[in-house]
Amino acid sequence: MDNTAPHNPDSAPATIHLEVDMATWMQLRDELRHLHAQLEYLKVLLKVGALRL
């Protein structure tokens, strides 16, 4: 007996779409992490007086 699922032609584009969305979210997450790190660094510089605005 063949126990494999039938091939659904609509699932491939949906999977690709989800992968693109996931890659976009991961890129945004990485950018936000980088910006947060920069903000925290600036806060430390302000606190120790090494940076004046």
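Quick caveat: nothing in here was measured; it's all calculated off a predicted structure.
No continuous path of ILVMFWY side-chain contacts below 4.5 Å connects Leu39 to Val44, so the two sit in separate hydrophobic clusters. Cluster membership for Tyr41 and Leu46, using ILVMFWY side-chain heavy atoms within less than 4.5 angstrom, is shared.
Taking CE of Met22 as the start and OG1 of Thr24 as the end, the distance is 10.0 Å to the nearest 0.5 Å. Taking CG from Leu35 and CG from Asp30, the interatomic distance works out to 11.0 Å, rounded to the nearest 0.5 Å.
Remark: Gln27 engages Glu31 in a side chain to side chain donor-acceptor pair (under 3.5 Å) (not counting sequence neighbours). With sequence neighbours left out, the side chain to side chain donor-acceptor pair (under 3.5 Å) criterion links Asp21 to His17.
Under the side chain to side chain contact (heavy atoms under 4.5 Å, CB included) test applied with His36, the options Gln38, His34, Arg33, Glu40 reduce to a single match, Glu40.
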